[in-house]
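We count ligands from 1, going down the list as the structure has it; atoms in each ligand are counted the same way. Not measured: the values here are computed from a predicted model. These values consider heavy atoms only, across backbone and side chains, with no hydrogens, waters or symmetry-generated copies.
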Amino acid sequence: MKHIPCALTIAGTDPSGGAGIQADLKTFQELQTYGMSVVTSVVAQNTTGVQDVHHLPVEFIEQQLESVFSDMPVHALKTGMIANESMMEVIARYITKTKKEVAYVMDPVMVATSGDPLIVEEARHFLKKELLPMTTIVTPNLPETEFITGRQIESTEDMKEAAAYIVDELGAGAALIKGGHLQGKAVDFLFDGHRIYTFSEERINTKNTHGTGCTYSAAITANLSKGLSLYEAVLHAKNFVTEAIRYSFPIGSGNGPTNHWATRIE
Ligand SMILES: Nc1ncnc2c1ncn2[C@@H]1O[C@H](COP(=O)(O)OP(=O)(O)OP(=O)(O)O)[C@@H](O)[C@H]1O
Ligand SMILES: Cc1ncc(CO)c(N)n1
């Protein structure tokens, strides 16, 4: 039978459809992979920010993981918002069981685009110590990179050094440092343990960047589930997210959502 690429996201939700599980599933679909999802927290949010959060009980997150892993093939998975340590523990247990045979993309989500916190302070340390060494690739933005490395990131040199530190010292499989929060070109650096790759695109003048990080990491996950190399997976995902920002929707009164081919209205 033909290979059916199967991608799983473990993350929080966004009823306004631009970030979280909703962005991930849309991206999986766009990239012709079979998408699955395990919900960690149900978040009441929109383009203006986060209004409320309801965390699912850990036992129920575990039940969802069991439902997926006991029955479905998973070729690549990503994690997004994981609000607390007990959720992280159960997710870590399931990822360990895959014995590194399933590509694991970690988007180390800490705050929403609006600045609202999405995980509790102590959980950040668990994420860094326990989950990070299990990753195939971690995709921090600049504030997340600063937390993970404990260093200030002010230049592209700092970004490259941080990528090497996260892999060599903290044990991530690879690190993709995203420069969305810097001025100038939208430059990201990937370190895969051997060399640094640069992905540079023009900065698009828009405030509609809600969910860009989710879309990017979901695209990398989809590409890995199809068997692309890490470099190719990031290269195509960077192109995908750039176009999704270029055609982003000016809807909602805050930071509007990204947009994909299927819904592109020019
Ligand atoms: N205005 C822009 N124009 C072009 N590319 C951008 C722009 N803003 C961000 N990017 C790119 O989008 C991708 C996502 O990066 P970003 O740093 O925004 O992630 P993030 O902060 O995790 O996203 P989120 O807002 O979802 O938390 C990166 O490749 C980044 O370079
Ligand atoms: C559920 C969720 N995950 C991640 C982000 C980051 O954009 C968000 N706003 N919401």
Under 4.0 Å from a heavy atom of His181: give me the atoms of ligand 1 that qualify, with their elements.
17 (O), 21 (O)
Near Thr209, which atoms of ligand 1 are under 4.0 Å from a heavy atom of that residue?
25 (O)
Within-shell test, Glu201 vs ligand 1, heavy atom, strictly < 4.0 Å
no
Please state which part of Cys214 comes within less than 4.0 Å of ligand 2, counting heavy atoms only: side chain, backbone, both or neither.
side chain
Atom 11 (C) of ligand 1 - nearest protein heavy atom and its distance
Ile245 CD1, 4.0 Å
I need the nearest protein heavy-atom contact for atom 5 (N) of ligand 1: residue, atom name and distance, please.
Ala186 CB, 3.3 Å
Any idea which part of Leu118 is under 4.0 Å from ligand 2, heavy-atom wise: side chain, backbone, both or neither?
side chain
Do Tyr247 and His260 have ring centroids that are under 6.0 Å from one another?
no
To the nearest 0.5 Å, atom OG1 of Thr145 lies from atom CD1 of Ile166 at 5.0 Å
Atoms of ligand 2 under 4.0 Å from any heavy atom of Gly12, numbered from 1 in the order shown, are 1 (C)
Counting non-hydrogen protein atoms only, what is the nearest one to atom 23 (O) of ligand 1? Give residue, atom name and distance.
Gly213 N, 3.0 Å
Contact check, Glu202 vs ligand 1, heavy-atom distance below 4.0 Å:
yes
Counting distance only, does the side-chain N/O of Arg203 pair as donor-acceptor with the main-chain N or O of Gly180 below 3.5 Å?
yes
Any side-chain donor-acceptor pair under 3.5 Å between Asn46 and His210?
no
At a 4.0 Å threshold, what atoms of ligand 1 neighbour a non-hydrogen atom of Gly211?
26 (O)
Atom 18 (O) of ligand 1: the protein heavy-atom neighbour that sits closest, reported with distance to 0.1 Å:
Thr212 OG1, 3.2 Å
Nearest to atom 3 (N) of ligand 1 by heavy atom, Ile204, Leu118, Thr258: which?
Ile204
To the nearest 0.5 Å, tell me how far Leu8 CG sits from Leu77 CG.
5.5 Å
To which protein heavy atom is atom 9 (C) of ligand 1 closest, and what is the distance rounded to 0.1 Å?
Gly180 CA, 3.7 Å
Heavy-atom proximity to atom 28 (C) of ligand 1 ranks first, among Val234, Thr145, Val187, Asp188, for Asp188
Tell me the protein heavy atom at minimum distance from atom 19 (O) of ligand 1, and give that distance in Å.
Lys178 NZ, 3.5 Å
Which residue owns the protein heavy atom closest to atom 13 (C) of ligand 1, what's the atom, and how far is it?
Tyr216 CD2, 3.8 Å
Which residue and atom name correspond to the protein heavy atom nearest atom 25 (O) of ligand 1, and how close is it?
Thr113 OG1, 2.7 Å
Can you find an N/O atom of Glu144 closer than 3.5 Å to an N/O atom of ligand 1?
no
Between Lys238 and Glu243, does any NZ, NE, NH1 or NH2 come within less than 4.0 Å of an OD or OE carboxylate oxygen?
no
So if I count the atoms of ligand 2 from 1 in the order they appear, which ones are less than 4.0 Å from some heavy atom of Gln45?
1 (C), 2 (C), 8 (C), 9 (N), 10 (N)
Does NZ or CZ of Arg195 lie under 6.0 Å from the centre of the six-membered ring of Tyr197, at an angle within 45° of the ring axis?
yes
Should Ser41 and Val39 count as side-chain neighbours, where that means a heavy-atom distance under 4.5 Å?
no
What about Tyr34 and Phe240, same hydrophobic cluster or not, with Ile/Leu/Val/Met/Phe/Trp/Tyr joined at side-chain heavy-atom distances under 4.5 Å?
no
Please answer whether the main-chain N or O of Asp158 pairs with a side-chain N or O of Ser155 as donor and acceptor at a distance below 3.5 Å.
yes
So Tyr104 and Thr98, do their side chains get closer than 4.5 Å, heavy atoms only?
no
Is it the case that the side chain of Ser37 and the backbone of Ile21 share a donor-acceptor pair, with hydrogens and angles ignored and the cut-off at 3.5 Å?
no
